Amino acid sequence: MLSMSYDLAKLPMTSLMEPAFRAGIALARLDERIARSPVGAGFLERMHFADACASLWIDGELVHLEDLVLHDATKDVRTPTHELTIARDVLKTRRRIAAQAPGWALSADGLRSLRGQAWPTASNGAASAGRSNGGGSEDEAAGAGEGEYSGNDDAYSLDAEFAAIDAVLARSDAAIEQARGPSLAGDRERDPLVYDLDWDEDERLEEWRGVVRQVQELPAVLQSIVALDAWNEISVLQHAPWLGRLFCASILRQAGVTTAAHLAAINLGLKSIPVDRRRHRDRETRLLAIAQGLMAAGRRDRDEGA
């Protein structure tokens, strides 16, 4: 069970209304400017990269924009770091959300997909199991061409080596897919050195969704502010805190504050807010910091040159 629940009883509505209103205006004006700009599409793509780097910065890591651009284009000049890999995940997730319908990210299917926990079917599980065994052993792969010997020892040996490599690659792909999602039984063991085994992400996610449902009658910007603070306080996901900030942007997009093509660069705005305010123990201070971050997102995006 969760040790805490997010209390909605005493939200500081009086102090939040004006900054939330101003943030909504800034984001809506930016959205209109992007829609009318001849370079709007390029600006949005640039914002995907900048916001992904800002997301890592907020979480205490440094990723250079140039490195992310090269990594995205598979033109790395050095071995990608763990932080760069996470930044690429943020970038891909932003693109995926922006390409879907406005309400997709917060739907049940969207949440499940974005968490990387889409449950495979039994047939897919069997196929994955087969691939995890290489779809056959290396000996079977190497011997797949038996009976087709053409008398060229070098060519035959090379074919056998390529077949063995293909088998190893198939097993690697299966292992990666298995690592991305739970097993059919949902009991995939987690390393206690990496995961808190008492951390129930499903329960925490349901707690957060309950908060989002309770604030649905509030203006969209206030919804997104409260939703993001609740996400941070509940600590929904152990290793993907950045996903909550994309959900915050999705709330704005679903409500029409930004249009279907524009996913607000929340991280870029929050980056301008001092960390001691964003993580303050007092909730009102945190909520005001998020509101000012949203306002800054509208101004900073506009200053980037849409």
Side-chain angles (χ1 to χ4, degrees), residues 1-21 23-24 27 55 58-60 90 93 97 103-117 195-255 257 263-264 266-267 269-271 273-297:
M1 297 294 293
L2 292 175
S3 59
M4 60 154 289
S5 59
Y6 192 81
D7 184 15
L8 291 168
K10 296 181 179 180
L11 289 176
M13 301 299 296
T14 303
S15 59
L16 276 176
M17 287 300 292
E18 182 179 355
F21 178 73
L27 289 167
S55 180
I58 288 173
D59 291 332
V90 178
T93 304
I97 293 174
W104 175 79
L106 296 167
S107 67
D109 288 341
L111 288 168
R112 182 171 58 250
S113 180
L114 292 174
R115 287 179 65 198
Q117 293 187 1
Y195 294 93
D196 181 351
L197 300 183
D198 294 327
W199 195 302
D200 191 335
E201 290 187 347
D202 290 329
E203 185 179 359
R204 290 169 183 261
L205 180 60
E206 190 55 38
E207 167 78 11
W208 179 76
R209 294 183 70 187
V211 172
V212 173
R213 286 192 294 269
Q214 291 181 65
V215 298
Q216 282 182 342
E217 300 303 319
L218 296 178
V221 177
L222 283 175
Q223 288 182 42
S224 65
I225 292 170
V226 174
L228 180 53
D229 187 58
W231 178 279
N232 293 335
E233 288 301 293
I234 296 172
S235 300
V236 180
L237 302 182
Q238 289 190 62
H239 298 297
W242 51 266
L243 194 54
R245 298 189 288 271
L246 295 184
F247 287 144
C248 174
S250 297
I251 290 174
L252 297 172
R253 183 168 173 254
Q254 184 177 6
V257 176
L263 190 65
I266 303 297
N267 296 298
L270 290 174
K271 182 180 176 181
I273 308 300
V275 64
D276 59 338
R277 294 187 57 215
R278 288 188 279 107
R279 298 183 181 179
H280 202 279
R281 296 183 62 180
D282 178 61
R283 180 169 64 172
E284 181 174 353
T285 302
R286 295 195 310 268
L287 293 172
L288 288 172
I290 295 173
Q292 291 164 359
L294 294 180
M295 200 184 313

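Counting from 1, the numbers follow the sequence of the chain as shown. Keep in mind it's a predicted model, so treat the numbers as computed, not measured.
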Set of side chain to side chain donor-acceptor pair (under 3.5 Å) partners for T285, sequence neighbours left out
D282

Between R278 (side chain only) and L270 (backbone N and O only), is there a donor and an acceptor less than 3.5 Å apart?
yes

Okay, side chain of R245, backbone of N267: is any donor-acceptor separation there less than 3.5 Å?
no

With side chains defined as the heavy atoms from C-beta onward, is the minimum distance between N232 and R279 less than 4.5 Å?
no

If the condition is ring pair (Phe, Tyr, Trp, His ring centres under 6.0 Å), which residues does W231 pass it with, not counting sequence neighbours?
W208, F247

Keeping S113 on the side-chain end and G110 on the backbone end, is there a donor-acceptor pair under 3.5 Å?
no

Does the side chain of M13 reach to within under 4.5 Å of the side chain of L222, using non-hydrogen atoms?
yes

Got a second to check how far D276's CG is from I273's CD1, nearest 0.5 Å?
10.5 Å

Work out which heavy atom in R281 is nearest to a heavy atom in R286; give both atom names and the distance.
O-NH1, 3.2 Å

Other residues, nucleotides and ligands only: do more than 12 of their heavy atoms fall within 6.0 Å of CE on M17?
no

Using modelled atom types and a 3.5 Å cut-off, is there a donor and acceptor pairing between side-chain atoms of E207 and backbone atoms of Y6?
yes

Do the charged groups of K10 and E284 touch, with an N to O distance under 4.0 Å?
no

Would you say the side-chain atoms of Q223 pair up with the backbone N or O of L218, donor to acceptor, closer than 3.5 Å?
yes

Restricting to non-hydrogen atoms, name the atom on A296 and the atom on G269 that form the minimum distance, rounded to 0.1 Å.
CB-O, 3.8 Å

Has Q292 got a side-chain atom pairing as donor or acceptor with P19's backbone, closer than 3.5 angstrom?
no

Could you tell me which non-hydrogen atom of A220 sits nearest to which non-hydrogen atom of V257, and how far apart they are?
CB-CG2, 3.8 Å

List the steps, then state whether side chain to side chain contact (heavy atoms under 4.5 Å, CB included) holds for D200 with E206.
CA-CA 10 Å; D200 191 335; E206 190 55 38; over 6 Å; no

Testing the basics here: between S250 and I97, what is the closest heavy-atom pair and its distance to 0.1 Å?
OG-CG2, 3.5 Å

Grab the two heavy atoms, one from V221 and one from G24, that are nearest each other, plus how far apart they are.
CG2-CA, 3.7 Å

May I ask you to decide whether E233 forms a salt bridge with R283, counting only side-chain N to carboxylate O separations under 4.0 Å?
no

Minimum heavy-atom distance L114-L243, with the two atoms named
O-CD2, 4.1 Å

Going by the side chain to side chain contact (heavy atoms under 4.5 Å, CB included) test, name the single residue among L228, D229, I225 that passes it with C248.
L228

